[in-house]
Amino acid sequence: MMKRLLHLAVGILLLMSIFLAGCSSQSSTSNANNGKITLTFFYRWPNEPYKSYFKSVIADFEKQHPNIQINEITALNDDYKQKANVLLGSSTPPDIYFSWAGEYGQKFIRDGVALDLSKYFQQDSSWSNSLIASQVNFFKKDDKFYGVPLFTDSKLFFYNKDIFDKLHLTEPKTWDEFISDLKAIKKSGTTPLILGNKASWAAAHYVTALNQRLVPKDVLDKDLSYQGAKFTDPGYVEALKKLNELKTYMNDNPNAIAHDEARNLFLGGKAAVTFLETMEITYMKDATFKWGTFKVPTIEGAKGDQDGLIGAPEGFMIHSKTKHPKEAMEFLEFLTSKANGEKLIKDTGLASTVDGAVNTNTATDHEVDAMNLIKGAKNMEIWTDSALDSRIFKPYGDGVQAMLGGSMTPEQVMKSVQDAAKQVNQ
Amino acid sequence: MAPAFIMLALFVYYPLVRNVVNGFYEWNPFTLDKKFVAAANYIHLFKDPVFFTVLKNNLLYAVISVILQVGLGLVIAAVLEDKVFRKFSTFFRTTFFIPVLISMTVIGILFSFVYNPEVGMLNSFLKAIGLGSWARGWLGDPKTAIFAVIAVSQWQSIGYTVMLYVLAIQNIPGDLYEAATIDGAGKIRSFFNITVPQVKEMTFVLLVYTVTGSFLVFSEVYVLTSGGPSNSSQVFSTYMYQKAFIDNEPGYASAIANVILGITLIFYFVQNKFLKTGEE
């Protein structure tokens, strides 16, 4: 019996070693095998329509560069963040990887896993000048370029024109107009404003916009910079009070539904206004009503920027440990060529950061309008959830969630944010 | 036996020891430079208000699971095995057992629909029977979120305990009940004086099983609320996951993992002790 067990154990071990050897030899030969350079490309779109877009661009690239082979690794949103934590620190990190703008990307730069791309930006100025400069700046640190933005995104209020027309309402420009519109809609029996805040970033986007309106720009910049956060300006509490004012007009349980569910309810005509990203314009083709958009209203007498937009681009970085920086850069330039930028908005609805790629031939009027708004914006505030260190955002997002649930006051929320900021600064 | 031992050491004990060691470090997952911080992670843990929410939630999970799965489970099993019900018992046993077979992820998605405040079944039902004032966003309200999740767990797991109790009850010699009936004992009397003591062994096993399970619970919470809103339904494993993979604090997460290990080890020793003093 003992002997048989031993044989079995040895057998398993033998099988495993063959299997492991097989794996390792396979991965090491793929480089040398046919003299091809292999680049690993790690991005966050395993879902349609984005998946087919990337597949076809990669196929085009490989056709034009027969010596390069692109290996893909993908994961969706939250999973991407978790996988990135593991992969980027490993001994064989991906050559090219996706990053959000703001603290999320800055962290990569600080930790030295992002390659300085300034050289390539200067060398190929016809390419680098074709990108919208304001969006490239999101991936800069100390005047060096660390990333290439793929597309950009902002957030606007989307409203149901049919409901507005029926009640003889107009697009609000100021906060007071906004509130009086919401009041009139509530009276008519429709839910005025719908929010799905099951994941706390949704309400955090409201907070981003309200902070921009109520907190002076220089204070905001300082609080959003790494280790400069204090959050003591009274504007932050004011912003949360404004959000509480909106709560009166929202669906009853914003924390109990997800953002997509809220969007679907809006598309089904169940609410008059909702706050959506411009990349979500694609979904609006399912709307059975006429619709329009308006910017976050201005707040009279407030100390912040009354014209600014909120939003940020998303893009790619190259790992500092890559063996083939030149080829990796070639791929990123290919990805952000005019032709592929036009294809991006056409196929997926993502607004390419290549200047002029979003035009009347490739996009809907609404998408072109949104792009013009972004291009004209002097100041674009990054979403609070990606602008802040996660240790500060966690209490912020959780606090806002609790406030919407009625268990915290604006002052208490800001107190917990200040405490977290103090701890991070230590 | 040596190869088996090597594999066990490599895949079980080495990670375990590594995790205990990691609990004393703080590090950055991207650059992998580690800093020895001694017990700082643990000190931080016992000052962390979320840690106490987590502890409270896991204890609630354990208490409710014991009452419903072990307590109510035994009652249901006894009823199903009663002569009067035996005709239908196959049907009911299947009904109770089906949820056990469905993956927790599927159940989670199913119940997100049930709990949905706008279109959900639960609120519609409450409104239909005139209890509209009770309707709420079950998973979005910090007061109800953890209970809503615990309820789903009970719904899923009770079939399992009922099944095991049914087996245990079937092993009880029938003449015990016959003798009791002759002596004039009613059904409730025979339940407490015959069924309960006769399934004692099974009760011990199930107690340990449900309590340990309550401290290791993950999928239900993760799928339904991810610990939210504002950490109100966070449990040990989801909090550890949050710290390790979302907040980039792997050292802190290791410390949490070690606390879970400690708690489950305690239950393991309790189990060992109780089962040895048992009849077998």
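Chain letters run A, B, ... following the sequence lines, proteins first and then strands; every chain starts at 1.
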field: Residues, nucleotides or ligands: over 12 heavy atoms within 6.0 Å of B:Tyr160 OH
entry: no
Honestly, the part of A:Lys107 sitting under 4.5 Å from a heavy atom of chain B is side chain
So, the part of B:Pro142 with a heavy atom under 4.5 Å from chain A: the answer is side chain
Whatever's closer than 4.5 Å to a heavy atom in chain A on B:Ala244 counts as backbone
Among A:Arg391, A:Lys198, A:Lys81, A:Lys394, the residue with the most heavy-atom pairs under 4.5 Å to chain B is A:Lys394
If one checks every heavy atom of A:Ala84 against chain B at 4.5 Å, the contacting part turns out to be backbone
Self-check item: A:His205 backbone acceptor or donor facing A:Asp385 side chain under 3.5 Å
Solution: no
If one checks every heavy atom of B:Asp141 against chain A at 4.5 Å, the contacting part turns out to be neither
### Query
Where do A:Tyr146 and A:Phe108 land on the ring-ring contact (aromatic ring centres under 6.0 Å, His included) test, with the steps shown first?
CA-CA 9 Å; A:Tyr146 288 94; A:Phe108 293 142; over 10 Å; no
Applied to residues 244-263 of chain B, the ring pair (Phe, Tyr, Trp, His ring centres under 6.0 Å) test, sequence neighbours excluded, yields B:His44-B:Tyr252, B:Tyr241-B:Phe245
Answer key: most heavy-atom pairs under 4.5 Å with chain A among B:Val50, B:Asn116, B:Leu139 is B:Asn116
Taken in chain and number order and not counting sequence neighbours, the residues that satisfy salt bridge (charged side-chain N to carboxylate O under 4.0 Å, His left out) with B:Glu220 are none
